Amino acid sequence: MSEPNTAVAGGTGNGSADVPALHLKNLVKHYATRRGTVRSVDGVDLTIRKGEILGLVGESGSGKSTLGKLAVALAEPTSGSVVIDGTDVSRLSGRELRRRRKSFNIVFQDPGSSLNPRMTVGEAVAEPLRIHRIVERRGEARKVAEILDTVGLRPEIADRYVHMLSGGQRQRVSLARALAPEPTLLVADEPTSALDVSVQASVLNLIADLQHDLGFACLFISHDLAAVEYLADRVAVMYLGRVVEVADAESLFTRPLHPYSEILLKAAPLPDPDAQRTRERIVLGGDLPSPLNPPAGCRFHPRCPIAVDRCRTEEPELREIVRPGGATSSFACHLVDDQGVRPPLIADMPSG
Amino acid sequence: MITAVLVRVARAVLTLFLAVIVVFLGIRMLPGDIAVAMLGQEGNPDNLAQIRAAYGLDDPIWVQFGHYLGQVVQGNLGRSSSTGLPVAEVIGRALPVTLELAVLAMIVAIVIGVLFGVAAATNQGRPADWAVSSTALFWLSVPSFWLGMMGILLLSIVWPILPASGFIPFFESPADNLRHLVMPAAVLGTGFAAIIMRQTRSSMLDALSGDYIRTAKAKGLSRSKVVFKHALRNSLIVVITVVGLQLGALISGAVITEQVFVIPGIGKLTIDAIFMRDYPMIQGVVIVVAGAYILINLLTDLLYTLVDPRIRLGGGAAS
Amino acid sequence: MTVTTAGTARPARSRARSTGALAVFRRALRSPAGLAGFVIAVVVVAAGLLAPWLSPMAPEATDYANPLSGPSGLHLLGTDELGRDQLSRVLYGINASVLVGLASVVLAALVGVPLGLVAGYFPKVDRVISQLVDVMLAFPNLILAVGLAAILGPSAMNAAIALAVGAVPGFVRLIRGEVLRLRGLDFVSSAIAAGNTHTRILWRHILPNATSTLLVQISVAIPHAILGEAMLSFLGLGIRPPTPSLGIMLAGAQQYIETAWWLAVFPGLAIVALTLAFNLFGDALRDALDPKGRRR
Amino acid sequence: MNVLDVRDLSVEIPTETGHVLAVDGLSYSVGESEILAIVGESGCGKSVGVLSLLGLGPEHARVTGEVNYAGQNLLTRKPDALRRVRGQDIAYIFQDPMTALNPLMPVGKQVEEVLAQHASMSRAERRARVVELFELVGIPAAAERARAYPHQLSGGMRQRVMISMAIACGPRVLIADEPTTALDVTVQAAILEILKDLRDKLGMAIVLITHDMGVVADIADRVVVMYAGRAIEEGGIEQVFRRPAHPYTRGLLSAVPVPGQRAARARLRGIPGTVPVIAESVDACTFADRCGRADEACRSGRPPLAEAAGGTRVACRHPETKESNGE
């Protein structure tokens, strides 16, 4: 695997500004199931710099949620490493891992199940403070009120149970809880997709504001391209357990290099009839293959409109190029040349 | 699929093996000397020594177990200490009686249980549902042996139409056989009917609220097709499991029913053996019953796999 | 990609019901059947516990003048072959049934709940525990109880132990299933991510969310245990005479069923009242926890 | 010409905590070959509304109003007559194609069932027709797939099965209840293409329920925006997207980040507050509590649907007049 040279090689060093907030090295997670081995994450290299939001997009079954869990040591990798602030946390266990959990945290998709129904909001937010001994008991209530205030909740809410809150409020509490120990890395796994459209906006705004104020690095996982475009500095695209493209958001959304990135972008309907109906359309044939048995060669080749023989046999490595304007992009596609040029996709394929 | 079945079978065998160990050790953990227990306090030392030698009680316990296991595998369960008859033979005579009772009871239970369960579910919230559900709840609260006594009181004494006790083998007189078994089977069966009815009702309600039921309705299918072709079949999967589990409980129920109606089946044999302190017999009966129960559970599991294509075929797209 | 929509007509409010044990208990009391069950249970249990004060005579006192006499002003529920007062004996019998029943359920829960918690949370331990549970389940419930009672010898305490052993697998399986379900929910992942220890996750995050399910299971296990005690005593393997027990009374009544129907009827009715009350309330609890009755 | 005409539809659902007025005086109509989108957030009554048209809504729900189809009011028809309409004249597809298909029946059989119910065909004819239908909705290896069980198919294939089931008897109206919500975007695009294609080929009217403005923009001809059980704005999609008059419609549109406008980094504007649960029809605007421009008039009378400047019909006393892009 070639490593993006923006990353500090090896991820050594300590606390210096160059150490990435998160560095995933050749990360693999296979699950044994009754039907065989699911290759959920299958060799991912990814770096998140300090204070940056990296958007991770992909469809169901792409392994993006598993990647999120690996990144905060909620799952143990089959191989590879998860380096946070210079330390491989995937191999830590017990007390040391628990101590380190102060510096990275996660919020989940479903606000209905991500908070303990038997705890009040205050208890939920105070718990990480107690575990990591951040405030003394006396100052706890004040600290909790303060944290609730930063996520836009009134202090009275501390006495309520989760089932008394709306979805949006619950997601704010989740954020408050996750950010209470002031982590340097936050993984947000589809934090808005279970919410109503009108509520999604305020939660996206909140994440943007909090990130701006607190400066944590964020892995923002979503299938909602628009949300990712709104929030992320850089974007990674996953397909069947592999990252197929990483680029700054501007480049990715204006000129995607990998065919899958482009198809994904064009499949998301725009909330504007004129634009939506006049744009070039590419409808993917076939289905997402099973992660039990990913295709040989490039994993996308069975659905790729421009696949050639080489794609069927040889798996493309992630390559990095510097694009006009100085930004860098990484991609895993044989058909993109070093100038970032690739054959156009055939438009209007017959559906099915 | 085949490996899954083999794994399941292997598990059942392991469970049976462990069960045999438990029974074997359980009997040996009895307070006091088995030989004394067998002979009673009057046994003289010579006899005790004889018994010990005959049953190998002086050997180390693993030797005894190895010996016993070897015998069990060959189908030899030892001799009764009270009558001297081979345990396997005695059980062999009692088993068909219990099986007949159990099968009759199960038929009663399934017919009544499924029928009324479907009726209650399809009339949810209406008086019919209320009546059926309350009756089932009441029936669950009635001890079966008391139900048996009440049956005898009403149908054999106050209004004598059925015999109060006893058993006539089927091949001697089928009619008499049935006359003697009607009441025990009804008593045992209706108790389980209540359990099956409740399960059928709740899994039917579950099935009826499924999205695919809405699809079936949206297709314009008639109500009976929706209920029987779509909902019932899906809810029966759950019912099958429950019926399988209840078969074991039915064996327990038979013990006491046989006691009340004086039927010479496994249940009566067990209780008599307990009071006679006939340990080889107790050991034998418990192992046979456990074996039967493990077999039933195994068959239920396999049946389940057969009925549900999601388990049967596996594979397909991950979802 | 699950987006909550109005696909089902359930309004948001009903989905947000609290599943806390206390809330479930209160909801159960709000249903007429649940309230009735609770009231009857309280009355019958109280009658049993207050037997020494309520019963007109000592349960062993014999009225040789009136053996096997039917219900009358003197003996409201009649007398048995020794002329003992049935009402007094029934009250004492309820007392014994309730004590044995409760003791066995408490015992079963004390053993079963920790085992279930551990089995559900630690997959490696689960293999051992589940295999043990399988072995226990290989013996039909009552056969197990009968066998154990035979080994331990007849006594109230031993009956409770024998019944408890039979009830343990139910608790283990239920709690294990509940832990597995809860473990799959994000709040447990969130608790791990917050840096909690396993003990604290089990104790503070998982157990409190399993209490209502446990409550339902207990309410189901109590009538089971009461019926089980009655059966063991009926077979002569439970409470030892002359201590009055409903099961023993029924066993004795068999002999006189043709002449003294009251001996068979009243103790049975007492058992029915007791179990029915608990069953009614247990059902209401289950409905209160899960209105669709999906869980068993 | 209108194929389906819904007048003043109300649906009241009893719940444990009192009843809920899920739909409150909803009216709309859809013409031949027209795609009408009903859009709104969860709990706004859009699904209950269309399910209640043919008695598929929650049990014990009280449905009032008129549902006019082929010169008859469906709400007054007997269950048997209604059953003949279902699947034959008006067909449905649902959100989650996994749960909407019977897990224990091969998918081909499930499609055959509709044919058996409404068309007089032999078994062989039905089977052949199923293969034809599968091919029409783009299911490869149709004959083989017909024998598969739902769990053996992917989400996209399952939804294609649902669609083929719905169009089996050539219905005049297809009601699609969030047909792509459970699917990935690339699959969503394919399913939407199929729906458009079928509309063109078969000329049926489609009522599409969705919460996604992008889907509306892609496929609909007209749109009804629902809020708390009521239609609050209605019009051709050009008008509704260009000059939404209701503050809620505007809020919905500005709450979604617009792709390609990253450079502007315009802040998203959510709508404060939450959707209320309505117990009975109130004589006021139900959006007033979340609306910045609400006044006494909004709280003291229900605003009627009236023509707005932008060409839509809107239920608002203070409609917006500017183009939405001009903000």
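Reminder, nothing fancy here: chain letters follow the sequence lines and each chain counts from 1. Please read all numbers here as calculations on a predicted model, not as lab measurements.
Side-chain contact, A:Y260 with A:E59: a donor N or O sits under 3.5 Å from an acceptor N or O. Under the 3.5 Å distance criterion, with hydrogens and angles disregarded, no donor-acceptor pair is assigned to the side chains of C:S190 and C:D186. Judged by distance alone, the side chains of A:D88 and A:S90 do bring a donor and an acceptor atom under 3.5 Å apart.
With chain C as the partner, the residue from A:S113, A:A124, A:S174 showing the most heavy-atom pairs under 4.5 Å is A:S113. Chain A forms the most heavy-atom pairs under 4.5 Å with one residue out of C:T197, C:L185, C:I206, C:L182, and that residue is C:T197. Ranked by heavy-atom pairs under 4.5 Å with chain C, the list A:M119, A:H132, A:R130 is led by A:M119.
Contact of A:K102 with chain C is not made at all, since no heavy-atom distance falls under 4.5 Å. Both the backbone and the side chain of C:R204 come within contact range of chain A, each with at least one heavy atom under 4.5 Å from a heavy atom of that chain. Only the side chain of A:R177 comes within contact range of chain C, with at least one heavy atom under 4.5 Å from a heavy atom of that chain. Heavy-atom distances place the side chain of A:L74, and not its backbone, under 4.5 Å from chain C.
Counting only heavy atoms from C-beta outward, the side chains of A:L219 and A:I221 approach each other to under 4.5 Å.
Annotation: the span from C:L274 atom CG to C:I226 atom CD1 amounts to 4.0 Å, rounded to 0.5 Å.
In this structure, C:F38 and C:F281 have tilted ring planes: the angle between them lies in the 30° to 60° band.
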